[in-house]
Student: 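Let me give you the structure first, and then I'll get to my questions.
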Amino acid sequence: MHAFNLQAKPLSLADRLADLAVDALIDEADLSPKPALVDRRGNGAHTDLHLGLMHASALALWPAFKEMAEAALEIGEVGVPLREAIGRIGREGEQAMLVTTNGVNTHRGAIWALGLLVTAAALQPKSIALCAARLALLDDRYAPTPLSHGAQVAQRYGARGAREEAQLGFPSVLQRGLPQLHKSRANGHGEQNARLDALLAIMTELADTCVLYRAGEPGLQAMQAGAQAVLDAGGSASLSGRRRLHELDQQLIALTASPGGAADLLAATLLLDRIERDGIFQGAF
Ligand SMILES: CC(C)(COP(=O)(O)OP(=O)(O)OC[C@H]1O[C@@H](n2cnc3c(N)ncnc32)[C@H](O[C@H]2O[C@H](COP(=O)(O)OP(=O)(O)OP(=O)(O)O)[C@@H](O)[C@H]2O)[C@@H]1O)[C@@H](O)C(=O)NCCC(=O)NCCS
Ligand SMILES: Nc1ncnc2[nH]cnc12
């Protein structure tokens, strides 16, 4: 007689980290009302993106995040071999994203930020951002050097972009997003408002190359000052903050200034928050 083992196989660390990264991307996409970004209300400043596409793109990235965590566990140390392994996996992830979205760039910056953080979490759970920065500082011989939007904006305005944010250890996440998330939660603002406030805190200082590319320095100035005005008015949980948030949404949509980089860094904030709250590394924090 055959006995069937119906017990589910326990999830590996790499499985769990990939789950958390995809959850963070889906939570970011669903969060509403985000200024000029895709959310449950609509497409914000975008003509080629919608919520279903953001969800499909997030799910398509699960294998890449899992492979990055596995590469970290297998290689076991920060160095060029790991940097080049995750570079290759990241580029394959980008291809999977483009196939799923029919060529639309939904999560390029998120693959970079969350990919580095997932890799670092598998390797050094007690110092994730620092480890991610060390990886980002290494050169990948195989990385193509296209004249990306980020590179064009760097030439024109000398702006820090996604690469530098990672190389500095994600200051927008550690010094803006996470502290604001904790503060708004502690003030009893409710989870969705706390996440919106975290996004706004990131927007107050970020040199978002998506905004700079689409709307130049006036767009970036409108994003940063508008986000600060919402927080100064009491944040998204207050009536006057909500009014300011609505104004910011309208203003950024009129400028087609979508803060896609800030959205990625909110997802990075939510990932680190989830890693901490899920106790995935039990006692590592
Ligand atoms: C190192 C890379 C991140 C490449 O960086 P680079 O700046 O050269 O390239 P970009 O193509 O411009 O992509 C950077 C994306 O990063 C997000 N971002 C922007 N500013 C910041 C910032 N200050 N800090 C952090 N992150 C930032 C942003 O991504 C989001 O926006 C995208 C949507 O933008 P949108 O303008 O709507 O769409 P486009 O189609 O591009 O333009 P339009 O025609 O519509 O106007 C969306 O992707 C969001 O995620 C920037 O787009 C890295 O990508 C790289 O080197 N990859 C190679 C593989 C690799 O090594 N991977 C490592 C694995 S861990
Ligand atoms: N919600 C969102 N809307 C537009 N671009 C994004 N890039 C990452 N998340 C995004």
Side-chain angles (χ1 to χ4, degrees), residues 10-28 61-90 93 109-140 160 162-186 191 194-195 198-199 201-202 205-206 262 264-285:
L11 293 176
S12 69
L13 178 63
D15 284 322
R16 293 179 71 193
L17 284 169
D19 282 355
L20 294 185
V22 171
D23 282 349
L25 291 179
I26 290 181
D27 282 350
E28 178 277 302
L61 294 175
W62 190 88
F65 291 133
K66 179 179 175 179
E67 267 189 65
M68 287 187 205
E70 284 175 342
L73 295 168
E74 200 179 303
I75 295 173
E77 62 181 9
V78 174
V80 172
L82 180 56
R83 173 66 189 90
E84 290 184 345
I86 63 168
R88 176 186 55 75
I89 300 165
I111 298 170
W112 167 250
L114 275 70
L116 285 165
L117 292 170
V118 160
T119 307
L123 204 59
Q124 290 179 5
K126 289 190 182 170
S127 52
I128 297 175
L130 185 65
C131 179
R134 289 174 59 216
L135 279 165
L137 282 162
L138 293 169
D139 277 333
D140 170 2
R160 278 186 357 191
R163 194 183 304 276
E164 210 178 344
E165 173 71 23
Q167 290 174 340
L168 292 172
F170 295 98
S172 302
V173 175
L174 266 64
Q175 290 163 30
R176 303 274 154 205
L178 276 170
Q180 185 66 55
L181 185 68
H182 295 150
K183 186 175 163 194
S184 294
R185 275 184 189 149
E191 186 58 23
R195 291 178 184 181
L199 172 66
I202 292 167
E205 293 212 347
L206 189 72
D264 291 338
L265 294 170
L266 174 67
T269 301
L270 298 177
L271 171 63
L272 292 187
D273 179 61
R274 272 177 178 271
I275 288 176
E276 197 172 340
R277 279 155 52 108
D278 268 40
I280 170 168
F281 295 110
Q282 280 159 15
F285 292 92

Student: For a 4.5 angstrom cut-off between non-hydrogen side-chain atoms, does L17 reach I275?
Tutor: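 With C-beta onward as the side chain, the pair touches.
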Student: First locate atom CG of L199, then atom CG of L206, and finally report the distance between them rounded to the nearest 0.5 Å.
Tutor: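 Here the interatomic distance stands at 10.0 Å.
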Student: Quick one: does V80's side chain get under 4.5 Å of D139's, heavy atoms only?
Tutor: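 A side-chain contact is absent here, since even the closest heavy-atom pair is not under 4.5 Å.
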Student: Do R134 and Q124 come within less than 4.5 Å of each other through their side chains, counting heavy atoms only?
Tutor: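 Answer yes - side chains close enough.
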Student: Counting only heavy atoms from other residues, nucleotides and ligands, does the tally under 6.0 Å from CD of E74 exceed 12?
Tutor: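 No, because the 6.0 Å sphere around CD of E74 holds 12 heavy atoms or fewer from other groups.
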Student: Taking all atoms of both residues into account, what is the closest heavy-atom pair of A267 and A24, and its distance?
Tutor: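 Of all heavy-atom pairs spanning A267 and A24, the closest is O-CB, 3.5 Å.
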Student: If the threshold is 4.0 Å, N to carboxylate O, is there a salt bridge linking R185 and D273?
Tutor: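 A salt bridge links R185 with D273.
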Student: Charged N to carboxylate O under 4.0 angstrom, D27 versus R274?
Tutor: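 Between R274 and D27 there is a salt bridge, with a charged N closer than 4.0 Å to a carboxylate O.
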Student: Out of V118, D278, D15, L117, which one pairs with L20 under the side-chain contact (heavy atoms from CB on, under 4.5 Å) rule?
Tutor: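 Checked V118, D278, D15, L117 against L20; only one passes side-chain contact (heavy atoms from CB on, under 4.5 Å): D278.
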Student: About how many Å separate CG of L138 and CD1 of I86, when rounded to the nearest 0.5 Å?
Tutor: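 One gets 9.0 Å once the value is rounded to the nearest 0.5 Å.
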Student: For residues L123 and I75, determine if any side-chain heavy atom of one lies less than 4.5 Å from a side-chain heavy atom of the other.
Tutor: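 Heavy-atom side-chain distance check fails, nothing below 4.5 Å.
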Student: In the structure I gave you, are the side-chain heavy atoms of C131 and I128 within less than 4.5 Å of one another anywhere?
Tutor: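 Not touching, per the 4.5 Å side-chain cut-off.
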Student: Check E84 with R88, please: is the shortest side-chain N to carboxylate O separation under 4.0 Å?
Tutor: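 Not counted as a salt bridge, because no side-chain N and carboxylate O are separated by less than 4.0 Å.
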Student: Heavy atoms, side chains only, cut-off 4.5 Å: are L271 and F65 in contact?
Tutor: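 No. Closest side-chain heavy atoms not under 4.5 Å.
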Student: Indicate yes or no: at least one non-hydrogen side-chain atom of T269 is less than 4.5 angstrom from one of F170.
Tutor: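 Not touching, per the 4.5 Å side-chain cut-off.
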Student: Look up atom CG in L137 and atom CZ in R163, then write down how far apart they are to the nearest 0.5 Å.
Tutor: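 L137 atom CG to R163 atom CZ measures 10.5 Å (nearest 0.5 Å).
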Student: Check A268 against V173 and note the closest heavy-atom contact, atom names and distance.
Tutor: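 Smallest interatomic distance, heavy atoms only, reads CB-CG2, 4.0 Å.
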Student: To the closest 0.5 Å, what do you measure between CG (L61) and NZ (K66)?
Tutor: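 Between atom CG of L61 and atom NZ of K66 there are 15.5 Å.
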Student: On a heavy-atom basis, which atom in S172 and which in I202 lie closest, and how many Å separate them?
Tutor: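 Minimum heavy-atom contact is O-CG1, 3.6 Å.
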Student: Is there a side-chain contact between P171 and E165 (heavy atoms, below 4.5 Å)?
Tutor: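 In contact.
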